[in-house]
Amino acid sequence: MKVGFIGLGKMGGRMAERLLEKKFKVIVYARHPASMKPLVRKGAQASSSYKDFCVKLGKNRKIFIMVTHGKAVDGVIKGLKPFLAKGDIIIDGGNSFYKDSIRRGKSLAKKKVEFLDAGVSGGLQGARNGASVMAGGTKSAFKKAEPIFRALAVKNGYAYMGKSGAGHFVKMAHNGIEYALLQSYGEGFQMLEKSPFKLNLRGVAKVYRNGSVIRGWLMDLLAEALEKDVKLKRFSGKVGGGSTGTWALKTAGEMRIKAPMLEAALRARKNSAKKPDFSTKVVSALRFGFGGHLEPGKKS
Ligand SMILES: NC(=O)c1ccc[n+]([C@@H]2O[C@H](COP(=O)([O-])OP(=O)(O)OC[C@H]3O[C@@H](n4cnc5c(N)ncnc54)[C@H](OP(=O)(O)O)[C@@H]3O)[C@@H](O)[C@H]2O)c1
């Protein structure tokens, strides 16, 4: 199957590579041609413009977008639009706000182009080795694009969530859970670090990750970060991100449901700009561990 891929950053580059490995014919396009080179070396075909990209994809195009949320997604769709035709499917795998996805779906439907909003989870490791994918849109478009989701996901790691917006809604709720979990690990390890017992945090992390109730991937990543540097010195503790959590909290408000854990996690992130501490260093270390996310102002 042919697939077009736009957005060859930390996530998209790895996902496109995975599709190549799964024997897809991958056509790529990037505004900075240099970012296509690593994938071309692995077998992808580069394009010189949106038009060239669409011509190379032929009919019934399947185009996967993995760019920064917001204006970048609208910009890419705007660039593609003149060259799209009935039967084409655009899949937005980034962390877009679900209401934006509904709007984009409606706008593309006027051209008889299908739009799938597909939240992707699993961080950088998942992007390369198999992720979790939650898709929204029409069932028929999902079925047509299903081989792509199957290839990108781990076993049992993808599913159709419902009508347009459902995929990104499910991903937004996922991120709300994630914010609270990160904050929770941060608070626990701050308590351990400040304890009167001069605890060996590496030792604590080792037993927490093996057999305990709080074991899991995040605990593994934290143990690995502490193994590298028990003081987490490379992190200032000023935590970045915040968009998806803010949307989740706003949405909870609109739905008249409470989300105190998410609210507290968001507040802690905001306060970390002025008063970072060990708990927020842990959050930064975890965000870097799964997603390669750098703290604000940092370049590596
Ligand atoms: N990192 C994670 O763990 C993770 C997990 C799940 C989902 N996501 C979501 O996946 C998406 C990509 O994340 P990432 O971590 O791969 O980010 P990234 O490394 O910063 O990559 C962003 C990509 O978007 C492109 N881009 C940015 N602005 C653009 C514009 N105006 N027009 C065209 N392309 C533009 C960039 O292209 P240039 O190189 O040309 O700037 C780059 O390819 C985001 O929506 C993110 O929230 C990330």
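On a predicted model such as this, the values are computed, not experimentally measured, just so you know. Counting starts at 1 for both ligands and their atoms, following the listed order. In this chain, numbering begins with 1 at the start of the sequence shown.
Sorted by first and then second residue, the side-chain hydrogen bond (donor to acceptor under 3.5 Å, both in side chains) pairs with a member in residues 49-64 read Ser48-Asp52, Asp52-Lys56, Arg61-Asp88; sequence neighbours excluded.
Under a cutoff of 6.0 Å and an axis angle of 45°, Arg269 and Tyr179 form a cation-pi pair. A cation-pi contact, defined as under 6.0 Å to the ring centre and within 45° of the axis, links Arg234 to Phe288.
Here is the list of ligand 1 atoms found below 4.0 Å of a heavy atom in His69: 45 (O). Atoms of ligand 1 lying under 4.0 Å from at least one heavy atom of Gly123, given by number and element, are 3 (O).
Note: Phe235 and Phe278 fail the aromatic proximity criterion, with ring centroids not under 6.0 Å apart. When ring centroids are compared, Phe149 and Tyr160 stay outside the 6.0 Å threshold.
Within the 4.0 Å heavy-atom criterion, the part of Val120 lying near ligand 1 is the backbone and not the side chain. Residue Ala72 touches ligand 1 through backbone and side chain together, judged by heavy-atom distances below 4.0 Å. Heavy atoms of Arg31 found under 4.0 angstrom from ligand 1 belong exclusively to the side chain.
For atom 20 (O) of ligand 1, the closest non-hydrogen atom of the protein is Lys10 NZ, 3.7 Å. The shortest contact between atom 8 (N) of ligand 1 and any protein heavy atom is with Asn95 ND2, 3.6 Å. Taking atom 21 (O) of ligand 1 as the reference point, the nearest protein heavy-atom neighbour is Gly9 CA, 3.5 Å. Regarding atom 22 (C) of ligand 1, its nearest protein heavy-atom neighbour is Thr68 OG1, 3.7 Å. With respect to atom 13 (O) of ligand 1, the closest heavy atom belonging to the protein is Met11 CG, 4.1 Å.
Counting non-hydrogen atoms of other residues, nucleotides and ligands closer than 6.0 Å to CE of Met219 gives a total above 12.
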Problem set entry | ring pair (Phe, Tyr, Trp, His ring centres under 6.0 Å) evaluation trace for His69 with Trp247 | CA-CA 12 Å; His69 71 78; Trp247 301 336; 4.9 Å; yes
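Between the choices Met66, Lys171, His293, the shortest heavy-atom distance to atom 12 (C) of ligand 1 belongs to Met66. Compare Val67, Asp92, Leu294 by their heavy atoms: the one nearest to atom 24 (O) of ligand 1 is in Val67. Looking at Gly119, Ser96, Gly291, it is Gly291 that brings a heavy atom closest to atom 1 (N) of ligand 1.
At least one heavy atom of Gly7 sits less than 4.0 Å from an atom of ligand 1.
By the side chain to side chain donor-acceptor pair (under 3.5 Å) test, Glu263 pairs with no residue at all, sequence neighbours left out.
Residue contacts with ligand 1: Gly94 is placed with no nitrogen or oxygen under 3.5 Å of a nitrogen or oxygen of the ligand (distance criterion only). At least one N/O-N/O distance between His32 and ligand 1 falls below 3.5 Å.
None of Lys22, Lys10, Lys42 except one satisfies the salt bridge (charged side-chain N to carboxylate O under 4.0 Å, His left out) rule with Glu17; the exception is Lys42.
For the atom pair NE2 of His174 and CG of Asn95, the computed distance is 9.0 Å after rounding to the nearest 0.5 Å.
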